[in-house]
Amino acid sequence: MTRSVCKQLLPVYDKPLVYYPLSTLMLAGIRDILIISTPQDLPRFETLFGDGSRLGLCLHYMAQPRPEGLAQAFLLGRSFVGSANPALILGDNIFYGGGLRPLLDEAASREHGATIFAYAVADPQRYGVVEFDRDGGAISIEEKPTTPKSSFAVTGLYFYDNSVLEIAAGLQPSARGELEITDVNVAYLRDGTLDVQMLGRGTAWLDTGTPEALLQAATFVAAVEQRQGLKVGAIEEVAYRMGFIDAAQIERLAAPRRGNAYAEYLLAMIRDKSYLDSFPDSP
């Protein structure tokens with residue numbers, strides 16, 4: 001499926017997969033974003049998003065010539081991050097649920113240490129797995145263990161302080177030849193500055209790493225949208241709700257596609273005067 005187009009640009013129901021993680025960052029109040037992809041795929045993202053200004057964002061792009069691990073993002077993006085505290089999200093992760101926004105706000109506002117999120121899954125051996133003590137404190141993290149010590153997987157959303165740049169720079173490649181994000185998280189754990197937030201049953205985390213998972217994600221989004229009449233991961237909607245753009249910009253974005261169901265949804269949104277007061281806190 002991904003020979004001619006990268007996975008993050010495949011559709012998940014009614015929008016590209018990348019819309020969903022991007023909407024999560026936006027919901028955390030993040031507007032300066034670096035998109036990292038392969039040299040051949042990067043121009044497709046630029047075609048899709050441009051400089052981000054139409055959404056009230058400032059988007060930058062960086063090529064990753066070889067897949068040498070998630071933590072390499074902090075080497076490639078070092079100058080982009082500068083002195084800021086960065087967040088990292090994987091382009092194939094979908095987060096949805098009530099109560100998500102307060103968790104994002106808290107993680108984004110933390111000045112020191114790191115925040116990651118754990119989620120109970122049926123197949124933890126596919127992920128980084130976090131082990132908790134009786135008081136709910138994290139005591140270990142293992143990358144794709146043969147015998148997992150818990151069912152809690154580390155999701156693909158991470159918030160770090162600026163010291164992550166030095167931590168990533170000091171990493172050694174794993175047996176897979178990659179700079180592992182788990183090693184970054186373990187460094188914070190050893191330092192006593194890692195906060196692991198557990199996502200409960202009211203939150204959905206979908207990792208579209210397999211064809212089956214991609215289908216499940218599309219089915220989930222379709223069910224929610226068709227039942228509620230509300231979009232999941234609509235970046236234009238999140239930009240409007242977060243105050244990044246105004247109603248006039250929504251009109252401009254929708255104008256070229258009048259008659260299209262997505263555009264009509266956006267137009268109906270700005271005509272609903274009660275929208276901003278009644279909308280749930282999930283992208």
Same apolar cluster: [X] and [Y], side chain cutoff 4.5 Å:
X      : Y      : value
Ile235 : Leu100 : yes
Tyr240 : Leu59  : yes
Val154 : Val121 : no
Met242 : Phe49  : yes
Phe80  : Met26  : no

What one should report as the nearest heavy-atom pair of Thr182 and Glu142 is CG2-C, 4.3 Å

Any side-chain heavy-atom pair of [X] and [Y] under 4.5 Å:
X      : Y      : value
Tyr20  : Thr208 : no
Thr24  : Tyr96  : no
Gln72  : Arg66  : no
Phe244 : Leu57  : yes
Gln197 : Asp195 : yes
Ile167 : Ser163 : yes
Leu214 : Val12  : yes
Leu199 : Leu103 : yes

Would you check if the side chain of [X] reaches a backbone N or O of [Y] as a donor-acceptor pair within less than 3.5 Å?
X      : Y      : value
Glu178 : Glu68  : no
Ser150 : Val130 : yes
Asp246 : Ala248 : yes
Arg31  : Gly56  : yes
Asp161 : Gly113 : yes
Asn93  : Leu206 : no
Thr193 : Leu189 : no
Tyr262 : Ala254 : no
Thr210 : Ala213 : yes

Atom [atom1] of [X] and atom [atom2] of [Y]: how far apart are they, to the nearest 0.5 Å?
X      : Y     : atom1 : atom2 : value
Leu42  : Met62 : CG    : CE    : 9.5 Å
Leu22  : Leu48 : CG    : CG    : 9.0 Å
Asn162 : Asn85 : CG    : CG    : 6.0 Å
His60  : Leu34 : NE2   : CG    : 7.5 Å
Phe45  : Ile36 : CZ    : CD1   : 11.5 Å
Ile30  : Cys58 : CD1   : SG    : 13.5 Å

Applying side-chain hydrogen bond (donor to acceptor under 3.5 Å, both in side chains) to Tyr13 and Gln226, what does each step give before you reach the verdict? CA-CA 11 Å; Tyr13 188 48; Gln226 291 170 12; 3.0 Å; yes

Please step through side chain to side chain contact (heavy atoms under 4.5 Å, CB included) for the pair Leu70 and Leu179, ending with a clear verdict. CA-CA 7 Å; Leu70 298 180; Leu179 300 179; over 6 Å; no

Does the ring centre of Tyr188 sit less than 6.0 Å away from the ring centre of Tyr160? yes

I'd like to know whether the aromatic ring centres of Phe132 and Phe152 sit less than 6.0 Å apart in this structure. yes

Check ion pair Glu225-Lys231 (N to O, under 4.0 angstrom): yes

Salt-bridged, Arg271 to Glu251, with N to O below 4.0 Å? no

Just do the side chain to side chain contact (heavy atoms under 4.5 Å, CB included) check on Phe74 and Leu88 with the steps written out, would you? CA-CA 9 Å; Phe74 297 108; Leu88 172 68; 4.0 Å; yes

Indicate whether the side chain of Asp41 and that of Thr38 have a donor and an acceptor atom separated by less than 3.5 Å. yes

Is it the case that Arg110 places NZ or CZ above or below the six-membered ring of Phe159, under 6.0 angstrom from the centre and within 45 degrees of the axis? no

Just to verify, which of Arg176, Arg126, Gln125 counts as forming a side chain to side chain contact (heavy atoms under 4.5 Å, CB included) with Lys144? Arg176

Going through the checks in order, is the side chain to side chain contact (heavy atoms under 4.5 Å, CB included) test met by Phe117 and Val196? CA-CA 6 Å; Phe117 301 89; Val196 182; over 6 Å; no

Please evaluate residues Glu236 and Tyr19 with respect to the criterion side chain to side chain contact (heavy atoms under 4.5 Å, CB included), reporting the C-alpha separation (whole Å), side-chain torsions for both, the decisive distance (0.1 Å), and the verdict. CA-CA 10 Å; Glu236 301 87 352; Tyr19 272 39; 4.1 Å; yes

